[in-house]
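The chain is numbered in sequence order, starting from 1.
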Amino acid sequence: MCANKMQDLVFFFDVDNTLLDNDRVKADMKAQLLEVLGPEGSARFWELYEAVRKETGVVSYPVTIKRFEDDWPDKVAAYRAANVVNGMPYEEYVYPGTLAVLARVSGMGDVAVLSDGDPEYQPQKIARAGLASIVGHDDVLVFVDKQEHLLALMQQLPARHYVLVDDKESILANAKTIMGDKLTTVWVQQGHYAQDPSLYRDPPPDITLASIGDMIKLKKSDFMRKG
């Protein structure tokens with residue numbers, strides 16, 4: 001993507017529960033950590049995980065692992081736990097249809113991944129899922145809070161229109177209030193956040209899809225609508 005050069009259309013795709021099934025990732029990770037650490041060790045790992053998330057505002061596996069390694073007396077088990085977290089085969093969790101959708105919309109405009117997350121693990125996760133090689137590593141944008149960077153991104157990546165694809169309706173609504181009619185919001189109803197009515201907000205999404213794969217049916221004119 002060419003920064004500061006006016007584009008016709010720019011797509012921003014969220015990652016977790018939008019392009020890959022992060023709920024299933026976490027469930028499988030929990031099962032493997034329980035096997036490696038046992039009930040007490042597993043409980044302590046997730047306790048530290050939540051504490052780190054509360055402190056930093058994002059999921060940070062590197063910080064969680066470091067704290068667990070310092071805290072847990074069984075260093076061999078802690079090492080194995082780190083291997084579980086760092087070795088998750090994220091390419092196996094990409095939603096069906098994702099790669100085809102990314103290929104299709106790349107013919108309509110520029111495409112970037114826009115994700116919340118820690119600056120170390122999240123880009124590695126996106127790369128291991130095979131997503132960075134599709135959109136280009138320079139177009140993987142990871143922030144602690146991506147919503148705080150939308151106006152800056154509009155300046156850095158000027159376009160006639162933008163599309164934001166996310167599993168959280170609240171994020172889409174907030175982005176709409178920031179970017180206005182230059183943004184089309186696409187809500188994919190995947191993952192546990194999509195089923196939480198407490199997160200619903202106005203304005204409603206411009207486009208609602210049951211899955212990311214359904215996006216393959218849409219045309220460029222569908223995204224260029226004024227909300």
Side-chain angles (χ1 to χ4, degrees), residues 1-20 22 90-91 94-117 122-123 125-127 129-143 145-191 194 203-227:
M1 188 180 297
C2 298
N4 299 318
K5 180 180 179 181
M6 177 64 72
Q7 307 295 322
D8 190 34
L9 187 60
V10 171
F11 291 85
F12 292 122
F13 283 87
D14 175 54
V15 176
D16 294 334
N17 289 330
T18 298
L19 298 181
L20 66 83
N22 200 59
Y90 283 105
E91 71 279 3
V94 174
Y95 281 117
T98 292
L99 304 187
V101 164
L102 292 176
R104 176 171 171 76
V105 300
S106 65
M108 304 177 188
D110 288 327
V111 180
V113 165
L114 178 60
S115 176
D116 293 324
Q122 191 71 2
K125 170 183 180 177
I126 293 166
L131 301 172
S133 62
I134 295 174
V135 303
H137 289 268
D138 290 340
D139 292 326
V140 173
L141 312 172
V142 178
F143 303 101
D145 186 349
K146 63 189 178 187
Q147 297 174 85
E148 295 181 353
H149 297 268
L150 293 174
L151 290 177
L153 287 173
M154 291 176 73
Q155 293 179 340
Q156 295 170 18
L157 305 170
R160 294 178 180 83
H161 202 73
Y162 299 87
V163 179
L164 177 60
V165 187
D166 207 291
D167 66 299
K168 300 183 187 69
E169 192 177 15
S170 57
I171 286 180
L172 295 171
N174 187 56
K176 193 75 167 184
T177 63
I178 295 171
M179 301 174 70
D181 289 346
K182 288 182 70 68
L183 176 68
T184 294
T185 55
V186 181
W187 183 34
V188 286
Q189 295 177 307
Q190 301 171 153
D206 296 311
I207 300 172
T208 299
L209 302 173
S211 70
I212 189 65
D214 290 340
M215 199 168 168
I216 198 77
K217 305 171 186 176
L218 301 179
K219 304 182 296 295
K220 184 175 182 178
S221 58
D222 295 317
F223 300 116
M224 297 295 289
R225 65 175 67 186
K226 301 295 183 181

Asker: Heavy-atom count check: over 12 atoms from other residues, nucleotides or ligands less than 6.0 Å from Asp145 CG?
Answerer: yes
Asker: Tell me the closest heavy-atom pair linking Leu164 and Ala175, and the distance in Å.
Answerer: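 Nearest heavy atoms, Leu164 then Ala175: CD2-CB, 3.5 Å.
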Asker: Are Leu19 and Ile212 close enough that some pair of their side-chain heavy atoms sits under 4.5 Å apart?
Answerer: yes
Asker: Rounded to the nearest 0.5 Å, what separates atom OH in Tyr95 from atom OG1 in Thr18?
Answerer: 7.5 Å
Asker: Flag the pair Val165 / Val101 as yes when at least one side-chain heavy-atom distance between them is below 4.5 Å, and no otherwise.
Answerer: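 Val165 does not reach Val101 side chain to side chain.
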Asker: Please find the pair of heavy atoms, one from Asp14 and one from Ser115, that lie closest to each other, and give the distance.
Answerer: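 Answer, listing the atom of Asp14 first, then Ser115: OD1-CA, 4.5 Å.
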Asker: CG/Leu218 to CZ/Arg104 distance, rounded to the nearest 0.5 angstrom?
Answerer: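 Answer for the CG-CZ pair, Leu218 versus Arg104, is 8.0 Å.
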Asker: For Thr177 and Pro203, work out which heavy atoms get closest and say how close.
Answerer: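 Here Thr177 and Pro203 meet closest at CG2-CD, 4.1 Å.
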Asker: Can you classify the ring geometry of Phe12 versus Tyr162 as parallel (below 30°), tilted (30 to 60°) or perpendicular (above 60°)?
Answerer: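 Parallel, since the angle between the ring planes stays under 30°.
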Asker: To the nearest 0.5 angstrom, please state how far the CG atom of Leu172 sits from the CD atom of Gln147.
Answerer: 9.0 Å
Asker: Using a 3.5 Å distance criterion without hydrogens, assess whether the side chain of Gln7 forms a donor-acceptor pair with backbone atoms of Ala159.
Answerer: no
Asker: Okay, side chain of Lys176, backbone of Pro204: is any donor-acceptor separation there less than 3.5 Å?
Answerer: no
Asker: Got a sec, which residues hit salt bridge (charged side-chain N to carboxylate O under 4.0 Å, His left out) with Asp116, two or more places apart in sequence or on another chain?
Answerer: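 None.
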Asker: At what distance, to the nearest 0.5 angstrom, does CE of Met108 lie from CG of Asp222?
Answerer: 8.0 Å
Asker: Shortest non-hydrogen contact from Thr185 to Leu183?
Answerer: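 Scanning both residues, the minimum pair turns out to be CG2-CD2, 3.6 Å.
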Asker: Please tell me if the side chains of Phe223 and Asp206 come closer than 4.5 Å, counting only heavy atoms from C-beta onward.
Answerer: no
Asker: Using side-chain heavy atoms (C-beta onward) and a distance below 4.5 Å, is Asp16 in contact with Lys125?
Answerer: yes
Asker: Between the main-chain N or O of Ile207 and the side-chain N or O of Trp187, is there a donor-acceptor pair closer than 3.5 Å?
Answerer: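 Such a contact is absent between Trp187 side chain and Ile207 backbone.
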Asker: What is the distance from atom CG of Leu9 to atom CG of Asp110, rounded to the nearest 0.5 Å?
Answerer: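 Separation between the atoms: 8.5 Å.
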Asker: Let me confirm one number: the CD-CG distance from Gln189 to Asp214, rounded to the nearest 0.5 Å.
Answerer: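 Those atoms lie 10.0 Å apart.
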Asker: Could you tell me whether a side-chain N or O of Lys168 sits under 3.5 Å from a main-chain N or O of Ala194, the two making a donor and an acceptor?
Answerer: no
Asker: When you compare the side chain of Lys146 with that of Ile171, does any pair of heavy atoms fall below 4.5 Å?
Answerer: yes
Asker: Which pair of non-hydrogen atoms, one from Val111 and one from Val105, has the smallest distance, and what is that distance?
Answerer: CG2-CG2, 3.8 Å
Asker: Do Thr98 and Leu20 come close enough that some side-chain heavy atom pair is under 4.5 Å?
Answerer: no
Asker: Would Phe143 and Leu114 count as a side chain to side chain contact (heavy atoms under 4.5 Å, CB included) here? Give the steps.
Answerer: CA-CA 8 Å; Phe143 303 101; Leu114 178 60; 3.7 Å; yes
Asker: For Leu151 and Ile178, run side chain to side chain contact (heavy atoms under 4.5 Å, CB included): C-alpha distance rounded to whole Å, both residues' side-chain angles, the deciding distance at 0.1 Å, then the answer.
Answerer: CA-CA 7 Å; Leu151 290 177; Ile178 295 171; 3.7 Å; yes
Asker: Is there side-chain contact between Val140 and Leu131, with heavy atoms separated by less than 4.5 Å?
Answerer: no
Asker: Quick one: does Asp8's side chain get under 4.5 Å of Met224's, heavy atoms only?
Answerer: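 Answer yes - side chains close enough.
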Asker: Return the minimal non-hydrogen interatomic distance between Gln155 and Pro158, and the atom names on each side.
Answerer: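 Gln155 and Pro158 have their closest heavy atoms at O-CD, 3.5 Å.
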